[in-house]
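Quick notes on the structure that follows.
It should be emphasised that the depicted structure is a prediction, and the values quoted were computed from it without experimental measurement.
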Amino acid sequence: MQQFAEAKLRQVGIIDLVTPFADLQTASTTIKASLIELANLNMPLQAVYSIHNMTAANLLALPDLHTFNNERFSVCIGQDGAGRGDYVSGVVGKKVGIVGATLGAISRAKVHESIGWVEKQT
């Protein structure tokens with residue numbers, strides 16, 4: 001996509017409906033390699049990754065991605081349980097994360113602002 005867009009993409013959202021939660025570390029390592037390769041080709045890109053069907057038990061088992069050491073990769077674990085995401089979940093049959101809302105917050109926020117600043121993002 002980045003080559004087709006002539007390196008104009010800055011952020012991309014990845015909703016993974018296939019990878020089981022147990023393979024989160026493996027999937028993130030693969031994405032990290034792709035992001036590094038794109039950066040080396042002078043086509044930097046930030047990826048926001050969401051894995052499907054997060055549960056409370058999964059939250060306790062999240063790997064420490066802080067040590068992952070890639071500023072271009074983020075994991076989004078929120079889900080929209082009652083809005084449009086809930087409708088899509090019924091169609092697809094899997095929970096859909098809030099990657100779209102996260103990308104919107106990233107694009108709206110200034111460089112020095114946190115996307116967690118709720119008052120700014122509403």
Side-chain angles (χ1 to χ4, degrees):
M1 285 189 330
Q2 188 68 317
Q3 287 179 345
F4 182 74
E6 298 176 351
K8 293 180 183 172
L9 296 177
R10 295 294 174 237
Q11 295 97 14
V12 65
I14 302 169
I15 301 174
D16 191 341
L17 299 175
V18 178
T19 304
F21 176 80
D23 293 335
L24 175 62
Q25 190 72 34
T26 303
S28 59
T29 301
T30 303
I31 295 168
K32 176 185 175 181
S34 297
L35 294 173
I36 290 170
E37 182 180 346
L38 285 170
N40 290 337
L41 294 171
N42 201 24
M43 295 188 285
L45 183 67
Q46 178 186 7
V48 178
Y49 179 77
S50 176
I51 200 160
H52 69 90
N53 292 333
M54 286 292 296
T55 65
N58 293 145
L59 291 176
L60 297 173
L62 278 173
D64 183 5
L65 293 177
H66 180 71
T67 60
F68 190 59
N69 194 22
N70 189 348
E71 68 276 359
R72 300 184 190 284
F73 180 78
S74 302
V75 176
C76 177
I77 59 173
Q79 292 180 343
D80 176 14
R84 184 75 175 156
D86 186 48
Y87 170 76
V88 172
S89 295
V91 173
V92 177
K94 299 185 183 225
K95 296 287 184 194
V96 177
I98 56 169
V99 171
T102 303
L103 288 173
I106 290 169
S107 67
R108 182 176 180 173
K110 294 178 179 153
V111 173
H112 67 281
E113 294 175 342
S114 168
I115 64 169
W117 184 7
V118 178
E119 292 84 15
K120 177 70 176 181
Q121 302 304 325
T122 56

Interatomic distance, Y49 atom OH to L35 atom CG [nearest 0.5 angstrom]: 12.5 Å
Nearest atoms (heavy-atom pairs only) where A27 meets T19: CB-CG2, 4.2 Å
Heavy-atom pair of closest approach, residues L103 and G13: CD1-N, 3.5 Å
Euclidean distance, S28 OG relative to I14 CD1, rounded to 0.5 Å: 10.5 Å
Approximate separation, where rounding is to 0.5 Å, of R72 CZ and R10 CZ: 9.5 Å
Approximate separation, where rounding is to 0.5 Å, of C76 SG and I15 CD1: 9.0 Å
Ignoring hydrogens and angles, write down the donor-acceptor pairs under 3.5 Å from the side chains of residues 38-47, residues two or more places apart or on other chains.
unit_1 : atom_1 : unit_2 : atom_2 : d
N40    : ND2    : I36    : O      : 3.4

Hphob cluster co-occupancy, I77 + L60, side-chain heavy atoms under 4.5 angstrom: no
Crowding at CD, E37 (>12 non-hydrogen neighbours, <6.0 Å): no
